[in-house]
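Note sheet for the following structure.
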2 protein chains.
Amino acid sequence: MMENSGITILLVDDEPDILEFLGYNLEKEGYRVLKAKNGQKALKLAKEHKPQLVVLDVMMPVMDGMEACTEMRKVPELAGTLIAFLTARGEDYSQITGFEAGADDYITKPIKPKLFISRIQALLRRYKAVPEDSNIIAVKGFIIDKNRYVVVKDDVEITLARKEFELIQFLVSRTDKVVTREEIFTHVWGENVVVGDRTIDVHIRRIREKLGIDSIRTIKGVGYKFEEG
Amino acid sequence: MMENSGITILLVDDEPDILEFLGYNLEKEGYRVLKAKNGQKALKLAKEHKPQLVVLDVMMPVMDGMEACTEMRKVPELAGTLIAFLTARGEDYSQITGFEAGADDYITKPIKPKLFISRIQALLRRYKAVPEDSNIIAVKGFIIDKNRYVVVKDDVEITLARKEFELIQFLVSRTDKVVTREEIFTHVWGENVVVGDRTIDVHIRRIREKLGIDSIRTIKGVGYKFEEG
DNA sequence: CTTTTTCATCAGGAAATTTTCAATAAAAGT
DNA sequence: ACTTTTATTGAAAATTTCCTGATGAAAAAG
């Protein structure tokens with residue numbers, strides 16, 4: 001409890017209520033808390049105080065969360081700073097291209113204090129152990145979280161089996177491009193592994209089942225394509 | 001004054017008078033005091049009660065202070081224990097100077113109570129001030145205490161074997177993140193140690209048994225994941 | 001020295017994943 | 001419209017991966 005006092009967390013949200021609420025809960029745990037009500041002010045505060053963690057609302061006036069994230073990542077002194085996004089439940093993830101800008105976690109509103117705190121703690125703990133690069137990819141409809149090995153859709157964690165996970169990951173990495181069966185084989189199965197021709201189809205089906213049918217388009221005679229938008 | 005009541009100090013000296021004298025002064029300050037009249041008994045008591053501080057006379061029969069210190073440092077549960085040496089004024093320091101095995105302070109006899117107490121307090125303060133990177137990790141369901149090498153669940157201390165402890169500690173340090181078997185091996189067993197493939201499974205099972213099954217999720221073909229919430 | 005605990009390994013079985021197969025459906029070609 | 005090719009689907013087989021209980025060796029405790 002006490003030892004949190006060395007840790008500074010910057011909260012950024014345009015709603016004063018949220019700032020108040022989260023701030024209160026974090027301070028109760030002994031963290032030092034800074035607050036900003038838009039991205040611009042956040043950036044300034046971040047440079048001044050170099051917080052360990054920034055919790056950033058995605059939707060904000062003046063400078064939104066993603067922009068702020070991008071800017072922060074440009075500042076060398078803030079290289080080691082953790083950034084977590086705050087997103088409203090049901091919000092369209094496609095806007096959250098911010099993960100590519102290096103966000104480390106995503107937290108959904110409405111927020112339950114206990115869960116929020118434990119999420120923060122886990123993040124700080126994990127980071128201390130191994131500063132890692134962001135392994136989170138957000139596309140329209142869902143988030144692929146390589147750390148947790150899950151896909152989050154409509155705020156629900158969906159667990160895919162290994163091959164399924166690697167396959168969707170590969171498709172998404174080539175968003176809007178057609179990938180041939182050959183390519184899929186070499187990337188997901190490896191050069192020399194030989195499996196039947198229908199295998200890919202079956203995996204595609206399972207992914208479609210679990211995540212909802214759209215997004216993966218069949219290009220007959222060629223391959224598949226993951227479509228955004 | 002009150003808050004000292006949680007702190008246990010082990011006094012080790014072969015002279016009953018000294019034990020009596022120091023013990024009285026410490027108890028007056030609210031500390032819990034244990035006494036041992038040689039190194040062997042001290043070691044036993046230390047393991048049993050895990051005191052925060054051990055005050056150890058250098059010259060003793062059966063097992064002298066330095067030997068006892070060395071032994072204590074070998075015990076993982078006592079890793080975080082402070083050890084202070086008690087030396088008679090004019091005693092031959094040459095023995096002690098070469099001795100680097102982890103004593104935290106030297107106190108010279110004859111002892112003035114006030115000075116002794118303030119010395120002890122400073123030592124404990126220093127120890128408290130640097131809780132060695134938060135050596136106590138609280139997660140949902142239990143507490144991992146690296147200082148004392150125990151896990152506390154529902155107010156009950158659960159003893160894990162060393163490998164088990166290191167494994168759960170590693171998993172928790174990566175909360176919510178999937179850790180591969182590779183990672184587990186290198187972190188818990190070390191790069192070059194080679195053990196069978198099922199070994200991890202068995203340890204995981206033991207941990208699940210002792211702590212309750214949930215929390216540790218297996219991601220087939222990938223690894224394990226500790227989940228909070 | 002004896003007892004206890006820890007630890008690694010193995011083998012059988014359980015569970016989940018991955019692949020195959022066959023029947024059907026949907027495009028594409030003629 | 002008919003044929004051919006290619007993809008989808010459901011179910012089942014094959015395989016991989018993991019769990020479990022037992023065993024013995026090694027280390028620690030007594």
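Just so it is clear: chains get the letters A, B, ... in the order the sequence lines come, proteins before strands, and each one is counted from 1.
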One pair to check against side-chain contact (heavy atoms from CB on, under 4.5 Å): A:T159 and B:R217. What are the steps and the verdict? CA-CA 11 Å; A:T159 308; B:R217 174 101 152 272; 3.0 Å; yes
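Base contact: A:R206 has a heavy atom under 4.0 Å from a base atom. Across all strands, A:T218 comes closer than 4.0 Å only to sugar-phosphate atoms, never to a base (heavy-atom distances). Residue contacts for A:Y224: at a heavy-atom cut-off of 4.0 Å it reaches the sugar-phosphate backbone alone, with no base atom in range.
Considering only side-chain N and O atoms, A:R181 lies under 4.0 angstrom from the phosphate OP1 or OP2 of D:dA7. For the OP1/OP2 pair of C:dC7 and a distance below 4.0 Å, the side-chain nitrogens and oxygens of B:W189 include no atom meeting the criterion. Distances shown here put a side-chain N or O of A:T199 below 4.0 Å from the OP1 or OP2 atom of C:dT20.
Checked against C:dT20, C:dT18, C:dC7, the side chain of A:A161 finds its nearest nucleotide in C:dT18.
Positionally, the nearest nucleotide of DNA chain D for B:G223 lies more toward the 5' end than for the other of B:R205 and B:G223. Judged by closest nucleotide on DNA chain D, B:I219 is the one of B:I219 and B:K44 placed further toward the 5' end. Projected onto DNA chain C by closest heavy-atom contact, A:V194 and B:G196 fall at different nucleotides, the more 5' of which corresponds to B:G196. Along DNA chain C, the nucleotide nearest to B:K220 and the one nearest to B:D197 differ in position, and the one closer to the 5' end is contacted by B:D197.
Whole-Å rounding puts the B:I200 CD1 to D:dT17 P distance at 14 Å. Between the CG atom of A:D214 and the C1' atom of D:dT8 there is a distance of 16 Å, given to the nearest Å. Residue A:L160 contributes atom CG, which lies 10 Å from atom P of C:dT18 at whole-angstrom precision. In this entry the distance linking CG of A:D201 with C1' of D:dT9 reads 10 Å, nearest Å. A straight line from NE2 of B:H203 to P of C:dT9 spans 10 Å, rounded to a whole angstrom. D:dT8 atom C1' lies 11 Å from atom CD of A:E209, rounded to whole Å. Here C:dA23 presents its P atom at 16 Å from CZ of A:R198, a figure rounded to the nearest Å. Rounded to whole angstrom, the span from the CD1 atom of B:I207 across to the C1' atom of C:dC7 amounts to 13 Å.
For B:K41, the NZ atom counts as loosely surrounded, since its 6.0 Å shell holds 12 or fewer non-hydrogen atoms of other residues, nucleotides or ligands.
The aromatic rings of A:F226 and A:F142 sit perpendicular to each other, their planes meeting at more than 60°, with 30° as the lower class boundary.
Side-chain contact, B:T175 with A:R125: a donor N or O sits under 3.5 Å from an acceptor N or O.
A distance-only check finds no donor-acceptor pair linking the side chain of B:D145 to the backbone of B:V151 [under 3.5 Å].
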